[in-house]
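Keep in mind that what you see is a predicted model, and the values were worked out from it rather than measured. FYI, side chains are in, hydrogens and waters are out, and symmetry mates aren't considered; it's all heavy atoms of this structure. Whatever order the structure lists them in is the order used to number ligands and atoms, beginning at 1. Numbers for residues simply follow the sequence, beginning at 1.
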Amino acid sequence: MTSKNPETLALHAGWRRDSATNAVAVPIYQTTSFQFDSTEHAANLFGLRELGNIYTRIMNPTQDAFEQRIAALEGGVAALALASGQAASAFSVQNLARAGDNIVSSTDLYGGTWNLFANTLKDQGIETRFVDPTDPEAFRRATDDKTRAYYAETLPNPKLIPFPIAEVAAIGRSFGIPLIMDNTAAPLLVRPFDHGAAVVMYSATKYIGGHGTSIGGVVIDGGNFDWEAYPVRQPLLNQPDPSYHGAVWSQAVKPLGPIAYILKMRVTLLRDLGAAISPFNSFLFLQGVETLALRMRAHSENALAVAKFLAGRKDVSRVIHPSQHTGAAAARTAKYLPKGMGGLCGFELAGGSDAGRKFIDALKMFYHVANIGDARSLAIHPASTTHSQLSAEEQAATGVTPGYVRLSVGIEHIDDILADLSQALDAAAA
Ligand code: PLP
């Protein structure tokens with residue numbers, strides 16, 4: 001596929017037809033195992049002298065088509081699909097850092113990622129140093145000899161301020177440290193590799209799937225990071241791996257292309273920890289990817305219209321959407337989001353927590369769920385749900401105020417979206 005246009009890649013990259021049946025749609029290869037042609041063939045597959053299917057925990061043809069398509073769309077070299085976005089975040093870090101090491105991460109993270117870093121990875125001996133994402137230099141200041149990766153989200157909610165990808169990626173590269181970007185909220189709108197990131201991950205559960213049917217994740221290798229050049233900084237890719245006959249990943253994988261990072265993740269972390277995606281979910285994500293460009297455009301247009309509508313309401317004291325930023329955040333929006341600002345929009349009700357609850361209860365079309373990225377419009381009042389266990393101070397620190405409502409604006413007709421919001425706002429003010 002020579003096209004670089006996302007609309008075309010989304011339908012054609014990584015697949016032409018089924019080699020066995022000529023089927024045009026990618027079949028669901030619902031099988032655990034694959035017959036070896038001979039003992040030599042089997043030995044070559046296990047020895048990584050040849051890439052091919054062995055066992056669906058490690059790889060599967062339906063999964064492979066999804067991985068190739070998403071890698072092409074992202075401008076990366078290869079991808080690994082996993083059972084969830086959480087598995088993708090965990091593996092993206094564990095592939096580089098082990099006990100005694102640290103990573104530097106933006107504070108503005110999805111709560112599940114925060115917990116993973118602050119508690120679970122900490123218990124495994126991997127320290128996370130959280131820094132303010134608005135100051136790229138904070139990443140440099142938090143770096144020491146044991147820092148193995150930087151981590152951030154492209155468009156974190158609730159603040160929806162684009163992360164300075166190029167600025168932080170450049171600081172990381174000066175040390176031999178790759179930037180891992182969670183691009184869940186902005187697929188196709190931002191391509192972090194174009195700005196110097198080395199690894200991109202997604203919760204495919206959100207916009208990639210797009211229809212609220214499946215949990216999944218994916219990690220994409222940019223193939224743009226010279227692991228071999230940093231033998232001391234990146235020991236897990238440059239020292240012999242006892243779990244794979246002493247393979248030195250930056251060397252062993254060279255003949256197969258610049259895929260050391262992602263291949264190691266597949267044949268060690270996925271092999272051992274087993275967070276495999278099912279062939280059926282890979283199929284559903286492929287269906288989602290086919291319309292991703294159309295949907296991201298529609299989500300972006302609708303959310304922008306919603307932001308403008310909310311900004312005109314007297315009962316709304318603040319609208320949180322990239323179009324509303326000023327100063328440095330507005331400059332970052334112009335730099336990173338020229339193709340669209342995504343489907344998320346937050347707002348603050350002047351009536352506080354009570355008004356927030358009333359608003360949610362009055363919605364007729366929007367679903368009240370703790371998810372984002374569905375084709376349908378979704379809403380949640382974090383202070384009474386996702387963030388209710390936090391103190392008022394902790395809520396404020398994460399950007400959640402009592403009257404804050406988060407919308408994931410869907411692709412319904414904009415008139416119907418605005419009508420539902422309007423009647424629910426009226427009900428909340430009554
Ligand atoms: N990253 C972001 C930005 C998310 O919003 C989520 C889920 O809400 C995740 C990661 C985790 O993904 P999953 O729910 O697929 O495990």
Sequence neighbours excluded, which residues qualify as side-chain hydrogen bond (donor to acceptor under 3.5 Å, both in side chains) partners of Asp18? Thr21, Tyr29
Do we see a donor-acceptor contact under 3.5 Å between the side chains of His211 and Thr213? no
Going by distance alone, is a donor N or O of one side chain under 3.5 Å from an acceptor N or O of the other, for Arg271 and Ser243? yes
Any donor-acceptor pair under 3.5 Å linking the side-chain atoms of Thr184 with those of Asp182? yes
Sort out the contact shell of ligand 1: every protein residue with a heavy-atom distance below 4.0 Å, listed by chain and number. Ser84, Gly85, Gln86, Tyr110, Glu153, Asp182, Thr184, Ser203, Thr205, Lys206, Gly216
Side-chain donor-acceptor pair present, Glu412, Ser377, cut-off under 3.5 Å: yes
So, Phe163 versus Tyr150, ring centres under 6.0 angstrom or not? no
